[in-house]
Number of protein chains: 2
Amino acid sequence: MDPQRAAFVEGFALQLAQAGMQRMASRVFAALLVAPSDGLTAREIADALGVSAASVSTATTYLTRTGLIERTRVPGERVDRYATDGTRWVEATLVETQNLATMNEWLARGVDAAADDPGAVERLRETQDFFAYLIDELPRLVERWRHERSAVSGR
Amino acid sequence: MDPQRAAFVEGFALQLAQAGMQRMASRVFAALLVAPSDGLTAREIADALGVSAASVSTATTYLTRTGLIERTRVPGERVDRYATDGTRWVEATLVETQNLATMNEWLARGVDAAADDPGAVERLRETQDFFAYLIDELPRLVERWRHERSAVSGR
DNA sequence: AGCACGTTTCAGTAATTCTTGAAATACCTG
DNA sequence: CAGGTATTTCAAGAATTACTGAAACGTGCT
């Protein structure tokens with residue numbers, strides 16, 4: 001991998017890692033972002049990053065599961081290719097509302113736990129309302145982006 | 001801390017930790033969510049969670065810096081009180097767009113690095129566009145929530 | 001100013017998470 | 001179906017991160 005690409009991969013991956021993604025997964029994802037559109041094989045990723053095949057396997061499994069990358073195998077080929085496109089990335093953002101929903105379930109329990117404390121109850125309910133709002137609006141926001149984008153690109 | 005509150009704190013904190021927040025900070029924040037409105041002292045937090053004062057100090061520093069909690073000291077008091085309210089939480093969400101902006105700077109470098117690859121360039125630009133869209137729209141979304149909320153509560 | 005109490009810093013330890021080599025498994029080709 | 005290659009699993013070591021006790025530092029009261 002050329003130096004410029006490598007610099008991007010490390011920098012972008014660091015950002016992702018700080019945002020909570022596993023480090024290796026971050027690097028693999030970043031590498032795929034600057035890769036040719038037909039993607040990279042596990043071996044190519046391992047070589048580019050200088051890590052083991054095992055690490056790549058773990059990372060690709062995680063990234064595939066969360067929908068950030070896609071695994072494809074051309075029939076009659078012996079290797080998987082991993083790739084990411086803008087759409088996948090966006091869909092993954094959508095999936096995130098599942099986390100918000102889980103949090104809201106916990107907040108409901110918090111309301112019960114703090115039932116004796118009006119101030120706490122109000123605060124928790126406010127937070128619940130905000131999360132509910134996000135769960136509702138975020139998919140809408142993404143949908144709107146898709147719409148605008150398709151209008152521009154004509155796709 | 002009563003068992004119900006404790007259960008909430010552990011469960012909610014786990015969610016936050018999985019979303020990328022430091023574990024201790026997550027627990028402290030969760031504890032403050034179900035605390036009385038005037039907040040808790042560092043000692044109270046430490047006792048409630050069964051952790052050291054040092055850990056609480058580190059966590060409160062982090063949470064204060066990121067805007068998720070507020071430190072107050074009543075004049076003539078000798079102790080700080082830490083508290084969180086719905087508004088702070090929302091403002092912290094706004095701040096997050098800083099991370100998106102940083103990512104977009106990296107993506108710009110990625111475009112340069114992959115200039116020889118039309119497919120990669122398109123993919124990176126698409127991601128950039130999406131981030132730019134979010135940077136633009138997220139604050140708007142939060143603003144809209146504030147507006148709706150104030151209309152309902154009359155505050 | 002001195003005291004008492006609360007908070008922060010720091011360096012060592014503990015715990016967790018990451019990474020890997022090696023073995024096991026799956027899969028395509030001939 | 002045998003051979004070869006790619007991928008996954010797993011256990012162990014490495015690296016990172018989290019947590020704490022102790023000491024230093026601040027701050028308000030008397």
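None of the values given here were measured: they were computed from a predicted structure. Keep in mind that the numbers below use all heavy atoms, side chains included, and drop hydrogens, waters and symmetry copies. Proteins get letters first, then strands, A, B, ... in listed order; numbering begins at 1 in each.
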**OP:** Check whether any side-chain N or O of B/Arg73 sits under 4.0 Å from OP1 or OP2 of D/dG26, and answer yes or no.
**Re:** no
**OP:** Could you state the atom-to-atom distance from CG of B/Asp80 to P of D/dG28 in whole Å?
**Re:** 10 Å
Original post:
Taking the side chain from B/Thr41 and the backbone from B/Glu44, do they hold a donor-acceptor pair closer than 3.5 Å?
Top reply: yes
Subject >> Close side-chain approach of B/Val79 to B/Arg73, heavy-atom, < 4.5 Å >> reply: no
Original post:
DNA chain C: B/Val79 or A/Ala53, which has the more 5' nearest nucleotide?
Top reply: B/Val79
Original post:
If every non-hydrogen atom of A/Ser37 is compared with every non-hydrogen atom of B/Gly119, which pair is closest and at what distance?
Top reply: OG-CA, 3.1 Å
Original post:
What is the nucleic acid contact for B/Arg81, judged by heavy atoms within less than 4.0 Å: base, sugar-phosphate only, or nothing?
Top reply: nothing
**OP:** To the nearest Å, give me how far apart CG (A/Leu63) and C1' (D/dT8) are.
**Re:** 16 Å
Subject >> Neighbour count above 12 (heavy atom, 6.0 Å) for B/Arg144 CZ >> reply: yes
Original post:
How does protein contact run along nucleotides 13-20 of chain D, one letter per nucleotide 5' to 3', with B for base contact, S for sugar-phosphate only, - for none, heavy atoms under 4.0 Å?
Top reply: ---S-SSB
**OP:** For this output row, return yes or no: ring centroids of A/Trp106 and B/Phe8 closer than 6.0 angstrom.
**Re:** no
Original post:
Linking I/L/V/M/F/W/Y whenever their side-chain heavy atoms sit closer than 4.5 Å, directly or via other members, would A/Leu134 and B/Trp145 fall into one cluster?
Top reply: yes
Original post:
Going 5' to 3' along DNA chain C, which nucleotides are the first and last within contact of chain B (any atom under 4.0 Å from a heavy atom)?
Top reply: C/dC5 to C/dT16
**OP:** Give the nucleotide from the list D/dT8, D/dT27, D/dG4 with an atom nearest to the side chain of A/Arg78.
**Re:** D/dG4
**OP:** Please step through salt bridge (Lys or Arg N to Asp or Glu O under 4.0 Å) for the pair A/Asp80 and A/Arg43, ending with a clear verdict.
**Re:** CA-CA 10 Å; A/Asp80 294 337; A/Arg43 168 165 297 280; over 6 Å; no
**OP:** Output the distance between atom CD1 (A/Ile135) and atom CE (A/Met103), rounded to the nearest 0.5 Å.
**Re:** 10.5 Å
